[in-house]
Amino acid sequence: MADAPREASPTPRHIRLTSHPGQGAGGALPLHWGAADPQGRGPVVGTTTQRAQRNVVGTHSGSYGVYRALAVAAGKMVRGHRADLTDTAPTDAIGPHSAWSDPERIVSIDPWGASVQQVFAPQIAAGVDIRPTIAVTKAHVHLPEIKQALAFQRLQVDGRILLDDASAAVTKIAVEPVWWLPGVARRFGVSEADLRRALFEETGGMYPELVTRSDLEVFLPPIGGQTLYVFGRVQDLADASVTLTARVHDECNGSDVFGSDICTCRPYLTHAIEECIQGAQRGGVGLIAYSRKEGRALGEVTKFLVYNARKRQVGGDSADKYFLRTECVAGVQDMRFQELMPDVLHWLGITRIHRLVSMSNDKYDAITGSGIAVDERIKIPDALVPADARVEIEAKIAAGYFTDGAVPDASALAAVKGRGLD
């Protein structure tokens, strides 16, 4: 007789709600955001299996926690798996920098998130389920645009930044969001209570602790994080005397990956990478900060709906109605909200960006408003703007984006047309 199938791991039949009294952080390690050292600050613990250890709302890995749930439910992953962090430490030492202990400078990432293996080793050895929220590694990146730049002799192989096979040597850093809610609320000029309620209601009540557990101040939101690509020495990012070329780029899958020509995203990104490589080869350092905010954080479905509305409206796709169609579909022009974006720059110790490869007024204002100096702004070369993307770029320039050329007036803006849905 065949053995009866057994579950991959025991699953308790009784569900304990974490919003219930006595099911929260009573025995958890305290978290003091902005403390000067990791032991004083305390670790971020978002474990789902050891409830008494939890000291945050949410769980590690953000939206990927849903995939982990599927793996557990399907029996592909043992519930309560603990990561073996052997040999996972960062390849490059970063910080600590003064901003790490400034609760106004960093509110949306864990400054100690890359080094939990070292700084919280005693707690991990004692059985506390602490996981990194930042990872630092090395890589080579291959881009056809870089090969083209080599062919046209705009770039040269140097064996350090650009290698013989036309790849670029980089340090890659992945960052998951960790929100200190009191600081996030202040950054947006709202009350913490209003922020918590909006987060609770707009996620369909997914995180009841947001409104029932005011003692839990840290939230691990189910959103994408950031990836940083550093060309040159990571340590030079914090040295204001070393020329820093940087671009802060928000995700655009259609253009960045597939080359869609309705926007300037991939051309501007690859142009910035070329500028970063040139800067690093001249003795400086380059940085690409890539944020998962697809479609102005409206999502790709909304973005494609807007594309259809733009192309089908009376008069066709025109620059004077570029933002209007987005607002009609989404209810807002843009939800990227750059207020939290500079946090990762402060984590790297950046105090000065010598060359900012960006035309965005929102990004520039957020960076300089956070205390980081910007010396020069670099616009995308006109030759790199796809014909169908003229609608986007002219609308943005008219709305206040940086340019060293003419700003179109209302009549000029209305005359800028994109192609139809062909």
Side-chain angles (χ1 to χ4, degrees), residues 25 27-50 52-62 65 80-138 171-184 215-221 225-228 230 233-239 340 342-351:
L29 295 170
L31 255 177
H32 301 292
W33 200 267
D37 64 86
Q39 295 302 319
R41 207 291 305 275
V44 170
V45 185
T47 179
T48 58
T49 56
Q50 296 168 293
Q53 294 181 0
R54 289 173 56 81
N55 60 9
V56 301
V57 180
T59 182
H60 288 298
S61 301
H81 169 75
R82 290 283 296 276
D84 180 354
L85 299 178
T86 304
D87 294 332
T88 62
T91 56
D92 294 76
I94 298 173
H97 299 293
S98 60
W100 289 24
S101 58
D102 185 341
E104 300 302 321
R105 291 290 180 91
I106 297 179
V107 301
S108 64
I109 62 176
D110 177 10
W112 303 100
S115 52
V116 300
Q117 303 95 318
Q118 293 81 39
V119 299
F120 297 121
Q123 291 90 335
I124 292 174
V128 181
D129 187 9
I130 305 170
R131 305 183 190 184
T133 56
I134 301 175
V136 185
T137 189
K138 297 286 191 182
T171 299
K172 281 198 308 191
I173 306 171
V175 183
E176 291 179 353
V178 179
W179 287 6
W180 181 53
L181 293 174
V184 172
D215 57 312
L216 297 179
E217 294 187 336
V218 173
F219 177 41
L220 306 182
Q226 297 169 293
T227 308
L228 314 177
V230 182
R233 295 180 69 251
V234 174
Q235 293 75 17
D236 286 341
L237 293 167
D239 186 344
L340 301 178
D343 287 23
V344 75
L345 306 179
H346 290 294
W347 177 70
L348 293 167
I350 293 172
T351 59

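Only heavy atoms go into these numbers, but all of them, side chains included; no hydrogens, no water, no symmetry mates.
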Under the 3.5 angstrom rule, does the side chain of [X] hit a backbone N or O of [Y] as a donor-acceptor pair?
X    : Y    : result
D110 : V178 : no
Q123 : P43  : no
Q50  : V128 : no
E217 : H32  : no
N55  : L29  : yes
Q118 : A89  : no

Using 0.5 Å steps for rounding, measure from the [atom1] atom of [X] to the [atom2] atom of [Y].
X    : Y    : atom1 : atom2 : result
H97  : T351 : NE2   : OG1   : 10.0 Å
I106 : L345 : CD1   : CG    : 10.0 Å
T49  : D129 : OG1   : CG    : 5.5 Å
H60  : T47  : NE2   : OG1   : 7.5 Å

(request) Could you check whether the rings of W347 and W100 sit parallel, tilted or perpendicular, using 30° and 60° as the cut-offs? (result)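 Judged by the thresholds at 30° and 60°, the geometry between W347 and W100 is parallel.
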(request) Give me the ring orientation class for W180 and W33: parallel if the planes are under 30° apart, tilted from 30 to 60°, perpendicular past 60°. (result)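 Ring orientation of W180 relative to W33: parallel.
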Looking only at heavy atoms, which two atoms of [X] and [Y] are closest? And how far apart?
X    : Y    : result
L85  : I130 : CD1-O, 4.1 Å
I109 : V175 : CG2-CG1, 3.6 Å
L237 : I350 : O-CG1, 3.5 Å
R105 : D343 : O-OD1, 3.3 Å
R41  : G34  : CG-N, 4.2 Å
A36  : S101 : CA-CB, 3.7 Å

In the structure I gave you, are the side-chain heavy atoms of [X] and [Y] within less than 4.5 Å of one another anywhere?
X    : Y    : value
P96  : W112 : yes
V116 : R131 : no
L181 : V57  : no
V136 : V234 : no
V230 : L348 : no
R54  : V45  : no

(request) May I ask you to decide whether D92 forms a salt bridge with R233, counting only side-chain N to carboxylate O separations under 4.0 Å? (result)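 Looking at D92 and R233, the cut-off is not met.
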